[in-house]
Amino acid sequence: MMDEDSRLMLAFQAGDRQAFEQLFRSYTPRLMAFLLRMVKDRGRAEELTQDVFVRVYQAAERYEPRAKFSTWLFGIAHNLALNDLARAYRKRERPLEDAHSETTADRNPDASEQLEARRMTEALEAAIGELPERQRSALMLRTVQGLGYEEIGTVLGASVSSVKSLLHRAREKLVSQMKEAGR
Amino acid sequence: MNACRYSENLVAFLDEELREQERADFQSHLSNCQSCGETIDQQRSLGAALASLPTVDPSPGFETRFWARIAREDQAAEQRREQGFWARAGWRGWLVGLTTAAVAAGAVMLALRSPGPELDPDFALVADAEQFELLADADIELLEVMEILEAWDGQEI
Ligand SMILES: [Zn+2]
């Protein structure tokens, strides 16, 4: 069974540009969410989201639906993010730390409950940011993108059992850091 | 931190990624392990928190910038196609010449030997030109595939 998005991609391959627009629009928020947490910089996350879809556009002629479309797409996104991190590392750029705070900053801060929720969200974002790259990728692909273990394995080039262990370690670390923050 | 040695399976259990037997084993373990029971609750609330992380909207002008890039992409592809054709027409031009000469020579010989059907000398050229265009396309594809492979390979940090 071919997934709906692979079908859209094949439609684009056959010349239907609206199918491409549809894929672009429906994946942009998820790619942004993934890439922002990977590179921790809003501008770069936007740039990379576009890069992913430029690649998709370029590869359309040769596209073959071997995996689910989302697996293929996040494979490209993951690799571009790694490239970007490596480049930033070589240039010794410090990732911007305020990338996440602005997403929650303009909520109504009146109730103390809301303040507390916001504080916990920020703590969670910070804890995610501190995870090793592979744990972070696996976690984001699982929780934000809803990919299965096998798909995540394909994206990361890892076995299902290493995916299982990456997610186990990531989530264990997050729970212990959230306990700290909740104190 | 959960010290229980079964806890390795806990997250996969919540993600519904355990095989049938593993799942049954873990479930029966869960009914008499307090440590895993507590961890399950913590992991569930972490799961809920992760699921409600704010989504991120791109800044204004994001789409306009993207479609401008795609338009440039179309232009570049068009240019590559043209350049590819002429580059190959250049270094393979003499091949066309040779082939055409050979075909023409053959045609002359044929024509001399037997009064067969007339061979249109332009025919060979037209067919070749079409092949060149295909060749140029194939080369551009190869370049793009290599670019993508480059992006896919060697990026493990
Ligand atoms: Zn246990």
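Numbers restart at 1 for each chain; the letters A, B, ... are given by sequence-line order, proteins then strands.
Between the side chain of B:E73 and the main chain of A:Y57, no donor-acceptor pair closer than 3.5 Å is present. Between the B:Q42 side chain and the A:V175 main chain, no donor and acceptor come within less than 3.5 Å of each other.
Other residues, nucleotides and ligands contribute over 12 non-hydrogen atoms within 6.0 Å of the CD atom of A:E4. A:R25 CZ: more than 12 foreign heavy atoms inside a 6.0 Å radius.
With B:P58 as the partner, the side-chain contact (heavy atoms from CB on, under 4.5 Å) test is satisfied by one option alone out of A:T49, A:T28, A:L31: A:T28.
B:L53 is not listed as a side-chain neighbour of A:T143, based on a closest heavy-atom distance of 4.5 Å or more. At least one side-chain heavy atom of B:D15 sits under 4.5 Å from a side-chain heavy atom of A:R171. Residues A:E172 and B:T39 are not in side-chain contact: their nearest non-hydrogen atoms beyond the backbone lie 4.5 Å or more apart. Looking at heavy atoms from C-beta onward, A:L167 lies out of side-chain contact with B:E17 at the 4.5 angstrom threshold.
Expressed to the nearest 0.5 Å, how far CD of A:Q50 lies from CD1 of B:I70 amounts to 8.5 Å. Taking CG of B:D57 as the start and CD of A:E46 as the end, the distance is 10.0 Å to the nearest 0.5 Å. Atoms NZ and CD, from A:K164 and B:E8 in turn, are 6.5 Å apart once rounded to the nearest 0.5 Å. The CG atom of A:L36 sits 11.0 Å away from atom OG1 of B:T55, with the distance rounded to the nearest 0.5 Å. Note that CD of A:E47 and CZ of B:F66 are 11.0 Å apart. Values are rounded to the nearest 0.5 Å.
Ring planes of A:F24 and B:W67: perpendicular class, angle over 60° (limits at 30 and 60°).
Proximity to chain B is absent for every atom of A:D84, based on heavy atoms less than 4.5 angstrom apart. When heavy atoms are compared at a cutoff of 4.5 Å, B:S45 does not approach chain A at all. Within the 4.5 angstrom heavy-atom criterion, atoms from both the backbone and the side chain of B:A12 approach chain A.
When every heavy atom of A:A33 is checked against every heavy atom of B:V56, the shortest pair comes out as CA-CG2, 4.1 Å.
Ranked by non-hydrogen atom pairs under 4.5 Å with chain B, the options A:R142, A:M32, A:M120, A:M178 are led by A:R142. Taking B:R65, B:E16, B:Q43, B:E63 one by one and counting their heavy-atom pairs under 4.5 Å with chain A, the maximum is reached by B:Q43.
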